[in-house]
Q: 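What follows is a single structure, and I will ask about it in a moment.
All chains are named by letter (A, B, ...) in the order of the sequence lines, taking the proteins before the strands, and each is independently numbered beginning at 1. Every heavy atom of this structure was used, including side-chain atoms; hydrogens, water molecules and symmetry mates were not.
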There are 2 protein chains.
Amino acid sequence: MEIRSKFWIEIDQEPAFGRGRRFLLEAIDTHGSINQAAKEINISYRKAWSYIKTMESRLGIKLVERYVGGRNGGGAFLTDEAREFLEKYKIMEEGLREIVDERFRHVFHR
Amino acid sequence: MEIRSKFWIEIDQEPAFGRGRRFLLEAIDTHGSINQAAKEINISYRKAWSYIKTMESRLGIKLVERYVGGRNGGGAFLTDEAREFLEKYKIMEEGLREIVDERFRHVFHR
DNA sequence: CTGCCGCTATGCAAAAAAGCCATAACGGAG
DNA sequence: CTCCGTTATGGCTTTTTTGCATAGCGGCAG
């Protein structure tokens with residue numbers, strides 16, 4: 001028996017950003033490619049792509065700059081706005097899980 | 001733009017108890033009927049029924065005592081174990097949402 | 001002693017959502 | 001001017017969720 005918790009940002013009652021999308025952006029930053037990033041965090045390219053699409057449309061910010069063609073097909077990188085947003089989100093999420101876990105243990109175990 | 005949070009208890013990686021199920025049990029306690037309870041929290045009887053089924057099976061506790069037939073068809077009421085569990089859960093959840101919201105405001109708005 | 005009523009119980013179909021496969025376009029390098 | 005790995009999407013498939021339909025129950029009114 002264990003506690004689970006989840007946090008996300010909504011805009012107009014629709015999910016716009018959460019932990020999974022955070023990891024996706026971080027992986028894009030590392031690899032310079034949506035495709036590689038998706039592989040790393042174990043989701044399909046299709047899913048990564050629609051994550052980005054909804055994020056950008058709901059937040060109203062361009063997050064990922066993409067280019068296509070060239071020696072190795074193309075690639076993607078984060079915009080400054082994306083990095084800024086990511087940073088804020090990380091600060092917010094930091095330690096939240098631990099607070100929840102601690103409470104759970106306190107009440108249910110001893 | 002707003003933060004949302006969700007907490008639930010899992011057993012064997014499967015959801016066993018959360019906010020919705022908490023409301024359901026509370027409503028059953030108030031109304032003495034699964035059917036009425038479901039109406040109050042705006043879910044179908046079918047759904048309420050399967051909530052209870054999975055809760056009981058995963059927690060391994062009898063939560064809702066039911067009887068059928070009689071003048072007004074039948075009814076349901078909570079077991080002592082259910083009340084006990086509910087109480088613990090409420091203590092745990094109490095204020096958690098507020099902590100999350102506060103953090104969000106602090107980082108994103110000011 | 002029989003029919004009625006509101007409840008529990010559950011199978012099964014329909015709808016919705018999520019996931020995935022296939023295919024097009026792109027453009028620098030060899 | 002072909003090849004390669006990427007972005008970009010349409011739509012099909014699979015899974016999950018929802019809810020409709022129907023059966024059984026048993027006091028009580030008549």
Q: Restricting both atoms to N or O, compile the protein contacts to nucleotides 26-30 of chain D shorter than 3.5 Å, with distance only.
A:
from   : atom 1 : to      : atom 2 : distance (Å)
D:dG26 : O4'    : B:Gly70 : N      : 3.3
D:dG26 : N2     : B:Gly70 : O      : 2.8
D:dG26 : N3     : B:Gly70 : N      : 3.2

Q: May I ask whether B:Trp8 and A:Leu96 are part of the same hydrophobic cluster, defined by side-chain heavy atoms of I, L, V, M, F, W, Y residues being less than 4.5 angstrom apart, directly or through others?
A: no

Q: For B:Arg46, answer base if it contacts any base atom (sugar-phosphate contacts may also be present), sugar-phosphate if it contacts only those atoms, and nothing otherwise; contact means non-hydrogen atoms under 4.0 Å.
A: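 B:Arg46: base contact, heavy atoms under 4.0 Å.
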
Q: Reading DNA chain C 5' to 3', which nucleotide is the first, and which the last, to come under 4.0 Å of any heavy atom in chain B?
A: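 Taking any atom under 4.0 Å from a heavy atom of chain B, the span is C:dG6 to C:dC12.
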
Q: State plainly whether one hydrophobic cluster holds both B:Phe17 and B:Ile61, where clusters connect Ile, Leu, Val, Met, Phe, Trp and Tyr through side-chain heavy atoms under 4.5 angstrom apart.
A: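 Yes, B:Phe17 connects to B:Ile61 through the hydrophobic network.
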
Q: Considering only heavy atoms from C-beta outward, does the side chain of B:Asp101 approach that of B:Arg97 to under 4.5 Å?
A: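 The answer is yes, as the side chains (C-beta and beyond) meet within the 4.5 Å cut-off.
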
Q: OP1 or OP2 of D:dA8 less than 4.0 angstrom from a side-chain nitrogen or oxygen of A:Arg66, does that happen here?
A: yes

Q: Could you check how far NZ of B:Lys47 sits from P of D:dA21, rounded to whole Å?
A: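 From B:Lys47 NZ to D:dA21 P: 19 Å.
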
Q: Can you name the closest pair of heavy atoms from B:Ala76 and B:Ile28 and give their distance?
A: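 The pair with the smallest heavy-atom distance is O-CG2, 4.0 Å.
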
Q: Check whether any side-chain N or O of A:Arg83 sits under 3.5 Å from a backbone N or O of A:Asp29 as a donor-acceptor pair, and report yes or no.
A: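 Such a contact is absent between A:Arg83 side chain and A:Asp29 backbone.
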
Q: Got a salt bridge between A:Glu26 and A:Arg22, using NZ or NE/NH1/NH2 to carboxylate O under 4.0 Å?
A: yes

Q: Let me know the distance between OH of A:Tyr45 and P of D:dT6, rounded to the nearest Å.
A: 10 Å

Q: What residues form a salt bridge (Lys or Arg N to Asp or Glu O under 4.0 Å) with B:Arg58, not counting sequence neighbours?
A: B:Glu14

Q: Please answer: with hydrophobic residues joined when any side-chain heavy atoms are less than 4.5 Å apart, are B:Val64 and B:Val68 in the same cluster?
A: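 Cluster IDs for B:Val64 and B:Val68 differ.
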
Q: Output all residues satisfying salt bridge (Lys or Arg N to Asp or Glu O under 4.0 Å) with A:Lys39, sequence neighbours left out; order by chain, then residue number.
A: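 Salt bridge (Lys or Arg N to Asp or Glu O under 4.0 Å) check on A:Lys39 returns nothing, list empty.
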
Q: Please list, in numerical order, the residues of residues 35-42 of chain B that have a heavy atom closer than 4.0 Å to any atom of DNA chain C.
A: B:Asn35, B:Gln36

Q: A:Tyr67 vs A:Phe77 aromatic rings, parallel, tilted or perpendicular, using cut-offs 30° and 60°?
A: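 Tilted.
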
Q: Test of understanding: with salt bridge (Lys or Arg N to Asp or Glu O under 4.0 Å), list the residues that count as partners of A:Glu10, not counting sequence neighbours.
A: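 Once residues adjacent in sequence are excluded, the partners of A:Glu10 under the salt bridge (Lys or Arg N to Asp or Glu O under 4.0 Å) criterion are B:Arg4.
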
Q: Map A:Tyr51 and B:Gly32 onto DNA chain C by nearest heavy atom, then report which one ends up closer to the 5' terminus.
A: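 Checking each residue's closest nucleotide, the 5'-ward one belongs to B:Gly32.
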
